[in-house]
Asker: 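Got a structure for you, written out below as structure tokens; questions coming shortly.
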Protein chains: 2
Amino acid sequence: MGVTIYDIAREANVGIGTVSRALNNHPKIAAKTKNRILEISRRMSYQPHAYAQGLAKRKTNTIALIMPFFTNYFFVEVLQGIQDKITDLGYDIMLYGVNQTNQVEEYLKRALQKGKVDGILFFSMKLPDGFDTRLKELQLPTILVDTFHPDFDSITVQNEEGAYVATRYLVKLGYKKIGMINASLDSEPARMRYNGYRRALEEAKLPFHERYFRISKHSKADGFNREAGYQAMSEVIDKNREDLPEAFFISSDIQAIGALNAMKDRKLTAPEDIAILGFDDIELAKHIGLTTMRQPMYQMGVLAVEKLFHRIQNNDFPPSHTTFSPTLIVRETCGTEKQQPKS
Amino acid sequence: MGVTIYDIAREANVGIGTVSRALNNHPKIAAKTKNRILEISRRMSYQPHAYAQGLAKRKTNTIALIMPFFTNYFFVEVLQGIQDKITDLGYDIMLYGVNQTNQVEEYLKRALQKGKVDGILFFSMKLPDGFDTRLKELQLPTILVDTFHPDFDSITVQNEEGAYVATRYLVKLGYKKIGMINASLDSEPARMRYNGYRRALEEAKLPFHERYFRISKHSKADGFNREAGYQAMSEVIDKNREDLPEAFFISSDIQAIGALNAMKDRKLTAPEDIAILGFDDIELAKHIGLTTMRQPMYQMGVLAVEKLFHRIQNNDFPPSHTTFSPTLIVRETCGTEKQQPKS
DNA sequence: CAATATTGTGGAAGCCTTTCCATAGCGCTT
DNA sequence: AAGCGCTATGGAAAGGCTTCCACAATATTG
């Protein structure tokens, strides 16, 4: 059905090798032959067959993207960075959006399928058991983003430090009763953020109150979502009616949005009743005036692609680890130094 | 480097044809031979080579998804429907997220490349000139979502009717000065929504005020984004300080969020000062209590995949067009019948 | 028990490229 | 005019699979 190099070769009265050389502008070819062939192939609207090319070259020009997808807006923004960069480089993206945790293995297996992709970008999840060795055996270039393994290139955010900075900021504003709403501790970033929170409290000699700490475990997935935030905040408020915390550090913006909603339903506002500090700085944070810790999402996407290409071109160097520090973005939900909170 | 069917054939003392039949559970093969081969191939951890398979079968098990990506959260939700459904069917997704309108052609060309994908899902954009005929020549199954062309299967939303219902609802609540903030009229949905808005006004014998109508053209892309909504609302308010509209129908939730922000910055609230009605019902609408027209996004994604498969299996029937009616979701930003607005 | 039908198997051909190797043809040199 | 070195070219081989055709080995029939 389609036009092949054989058709062109026949038409131009040359061999298929010559056609191939013309199309791939190989040096060893006479300029006029080349032009003639290019002209003919244009006239016949020739299109190389992607899979035949891939098979012969052992190269797919495609990379796999495996990322959580349970409506965590964080990823939408990273995705933009990846998309822009990868398009520049002439590659395509095979998207594997994980909606339930058990899909991870399935997707990894698919991406590992021989000859399917030239590399993998793996996001924010723990590499399931055994896949580290399989990936190494296959020598499939892999970059981890927002998660860590010593044997693979990785890009992470200083979660512990970010949480520490966030909490210390709340301390500095004068809050004493500082709670935290976290995602599932199965998640590495969630654990680190918890540690940072605890460290800041200790350093400020503030007590840690079990009753102001909540893991949003109720939900599907890992708890990094709005419903989980809503639920966790509802519980804390309802159980501590008489003695509400003054501030909350929340492990993601999307949870913070849920939490703010729970407050609103109970006629509480931020920062007047409870101050709220999030994590991520998703695009919507700006809208609702959420004070938060910014992760450089777009840049992380771009860098991930760059690292992957570096490794695709030369897989022969030790793993490198890059880490970004989140920065505090002050908006309204924590009050400001001038307009000091009540306490 | 990898294990091939030749290796397995040698190991099992059979021909390569037999190995292939065993792996693809072809009917004409003895059960015990088959089991033996499967056992061996498991032991050698055989993995078929995706591209070789694709080349031989003339089938990629991959579909291309071309969709606008300029942070319009609408698509994130459609994407989930697509992803879930397509995974069930054993297919993979090649994602082409359009960030600037000039990328559309580039992506279409890539997706059209022979043998790269088995079908295309094309979203919310006008098919660039000439591609309709090219797609038909190539016989590449294509489904249009949220846009229309008589020669291709499509799934659309009754934009005109949705806008009409929305505006009529505002009329019914007693608002007289009803404005609209729209996206670029290059977008088909935007045009239809404008028509519905006008029709409802006329029917109610309410005047159309040029000064309460605004196209958010300022921005990058098509205007379906938060900044555009913010800017448009800011302008309308600032130019009509003395005579503000009472209500606004806004062509997407994400713009409505921007608009609400612009109001907030000017100490105006919804519905007390101006009622706001959006379109889409993205997940966040619930959060901020936005009254809006719901599009069944997840279901549209699922249906799109189903249609595409239908056509991949049998390309031999006339194009079918499905259309959904949006439904009104009443929340808080328009007030309610009980708590009537001032006017 | 021979003749025929059925089932299972081997392996060549085909899918469409790229790449390598051999060779034809050309212009130089001597 | 013969010999040499280049350059450009043709086309086989390779990449790894599916599928078709031919044939061998059974099973079925009268």
Side-chain angles (χ1 to χ4, degrees), chain A residues 1-38 40-41 44-62 90 110 112-118 138-139, chain B residues 1-38 40-41 44-62 90 110 112-118 138-139:
Chain A
M1 205 177 86
V3 183
T4 72
I5 51 169
Y6 284 87
D7 301 323
I8 295 177
R10 199 176 325 114
E11 191 75 11
N13 263 310
V14 295
I16 54 161
T18 306
V19 175
S20 177
R21 278 183 291 260
L23 295 165
N24 294 285
N25 58 344
H26 187 98
K28 300 266 148 197
I29 186 169
K32 65 170 188 291
T33 326
K34 177 169 156 180
N35 289 332
R36 192 161 52 89
I37 291 176
L38 288 179
I40 290 176
S41 70
M44 300 177 74
S45 61
Y46 167 77
Q47 281 255 317
H49 189 293
Y51 273 33
Q53 243 172 351
L55 186 58
K57 284 211 204 136
R58 257 139 296 178
K59 191 102 174 31
T60 65
N61 284 312
T62 302
R110 285 205 206 175
L112 284 175
Q113 183 171 150
K114 216 188 323 162
K116 194 152 198 179
V117 297
D118 296 340
L138 288 172
Q139 307 233 49
Chain B
M1 206 178 84
V3 184
T4 71
I5 52 169
Y6 286 86
D7 300 323
I8 295 178
R10 199 178 322 115
E11 190 75 10
N13 262 310
V14 295
I16 54 160
T18 306
V19 174
S20 177
R21 279 182 291 261
L23 294 167
N24 295 287
N25 57 345
H26 186 100
K28 301 265 148 198
I29 187 170
K32 66 171 187 289
T33 326
K34 178 169 158 181
N35 290 332
R36 193 160 53 90
I37 291 175
L38 288 178
I40 289 175
S41 70
M44 299 176 75
S45 60
Y46 167 77
Q47 283 255 317
H49 189 292
Y51 274 32
Q53 243 172 352
L55 187 58
K57 284 210 203 137
R58 261 142 291 179
K59 191 104 174 32
T60 65
N61 283 310
T62 302
R110 285 204 206 177
L112 285 175
Q113 182 170 151
K114 217 189 322 164
K116 196 151 196 180
V117 298
D118 296 339
L138 288 171
Q139 307 233 49

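Just so we're on the same page: letters track the sequence lines, and every chain starts at 1.
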Asker: Taking C-beta and beyond as the side chain, do B:Ser41 and B:Leu23 meet within less than 4.5 Å on heavy atoms?
Answerer: yes
Asker: Does a side-chain N or O from A:Thr4 land closer than 4.0 Å to OP1 or OP2 of C:dC16, or not?
Answerer: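 No, outside the criterion.
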Asker: Taking the side chain of B:Val14 as its heavy atoms from C-beta onward, which of C:dG10, C:dC16, D:dT9 lies nearest to it?
Answerer: C:dG10
Asker: For the pair made of CD1 in B:Ile29 and P in D:dC20, what is the distance, rounded to whole Å?
Answerer: 16 Å
Asker: Find which nucleotide of DNA chain D each of B:His49 and A:Ala31 is nearest to by heavy atoms, and output the residue with the more 5' nucleotide.
Answerer: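 The residue mapped nearer the 5' terminus is A:Ala31.
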Asker: Tell me what A:Tyr6 touches on the nucleic acid: a base, only sugar-phosphate, or nothing, going by heavy atoms under 4.0 Å.
Answerer: base
Asker: So A:Ile16, base contact, sugar-phosphate only, or nothing? Heavy-atom distance under 4.0 Å.
Answerer: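 Here A:Ile16 touches the bases of the nucleic acid.
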Asker: If you assign B:Ala56 and A:Asn24 each to the DNA chain C nucleotide with the nearest heavy atom, which residue ends up on the more 5' nucleotide?
Answerer: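 Closest to the 5' end, via its nearest nucleotide, is B:Ala56.
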Asker: How far apart are the closest heavy atoms of A:Gly115 and A:Thr60, and which atoms are they?
Answerer: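 For A:Gly115 and A:Thr60, the tightest heavy-atom pair comes out as O-CG2, 3.0 Å.
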Asker: Could you give the NE2-to-P distance, from B:His26 to D:dC21, as a whole number of Å?
Answerer: 13 Å
Asker: Can you tell me the distance, in whole Å, between the NZ atom of B:Lys57 and the P atom of D:dT19?
Answerer: 7 Å
Asker: Please state whether the phosphate of C:dT18, meaning OP1 or OP2, lies under 4.0 angstrom from any side-chain nitrogen or oxygen of A:Tyr51.
Answerer: no
Asker: Take B:Thr18 and B:Arg58, find for each the nucleotide of DNA chain C with the closest heavy atom, and name the residue whose nucleotide sits nearer the 5' end.
Answerer: B:Thr18
Asker: Give a yes/no answer on whether the side chain of B:Gln53 brings an N or O atom under 4.0 Å of OP1 or OP2 in D:dT18.
Answerer: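 It does, given that an N or O in the side chain of B:Gln53 lies less than 4.0 Å from OP1 or OP2 of D:dT18.
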Asker: Just compare D:dG15, D:dG11, D:dG10 and give me whichever is closest to any side-chain atom of A:Leu55.
Answerer: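 Minimum distance to the A:Leu55 side chain belongs to D:dG15.
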Asker: May I have the distance from A:Ile37 (atom CD1) to D:dT9 (atom P), rounded to whole angstrom?
Answerer: 8 Å
Asker: For B:Asn61 and B:Asp118, work out which heavy atoms get closest and say how close.
Answerer: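 Smallest heavy-atom distance, with atoms named: N-OD2, 2.8 Å.
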Asker: By the 4.0 Å heavy-atom rule, please label B:Asp7 as base, sugar-phosphate, or nothing.
Answerer: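 Contact class for B:Asp7: none.
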Asker: If I take atom CD1 in residue B:Ile5 and atom P in nucleotide C:dA12, what distance separates them, rounded to the nearest angstrom?
Answerer: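 After rounding, the reported distance stands at 13 Å.
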Asker: Between A:Lys28 and D:dA8, is there a contact of a side-chain N or O with OP1 or OP2 at under 4.0 Å?
Answerer: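 Result: no.
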Asker: Please state how far atom CG in B:Asn25 lies from atom C1' in D:dT18, giving the value in whole angstrom units.
Answerer: 14 Å
Asker: Can you tell me which nucleotide in C:dT18, D:dG16, C:dT9 comes closest to the side chain of A:Ser20?
Answerer: C:dT18
Asker: Give the minimum heavy-atom separation between A:Ile5 and A:Tyr46, together with the two atoms involved.
Answerer: CG2-OH, 3.6 Å
Asker: Side chain of B:Arg21 only, heavy atoms from C-beta on: which candidate in D:dT18, D:dT9, C:dG10 is closest?
Answerer: C:dG10
Asker: Do the side-chain N or O atoms of B:Lys114 get closer than 4.0 angstrom to the phosphate oxygens (OP1, OP2) of C:dT17?
Answerer: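 It does, given that an N or O in the side chain of B:Lys114 lies less than 4.0 Å from OP1 or OP2 of C:dT17.
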Asker: C:dT19 C1' sits how many Å from A:Leu23 CG, rounded?
Answerer: 14 Å
Asker: Write down the distance between NZ (A:Lys59) and P (D:dG15), rounded to a whole number of angstrom.
Answerer: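 Whole-Å distance recorded here is 19 Å.
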Asker: Enter the distance from A:Ile16:CD1 to A:Asp7:CG here, rounded to the nearest 0.5 Å.
Answerer: 11.5 Å
Asker: I need the single residue from B:Val14, B:Val3, B:Leu38 that forms a side chain to side chain contact (heavy atoms under 4.5 Å, CB included) with B:Ile8. Which is it?
Answerer: B:Val3
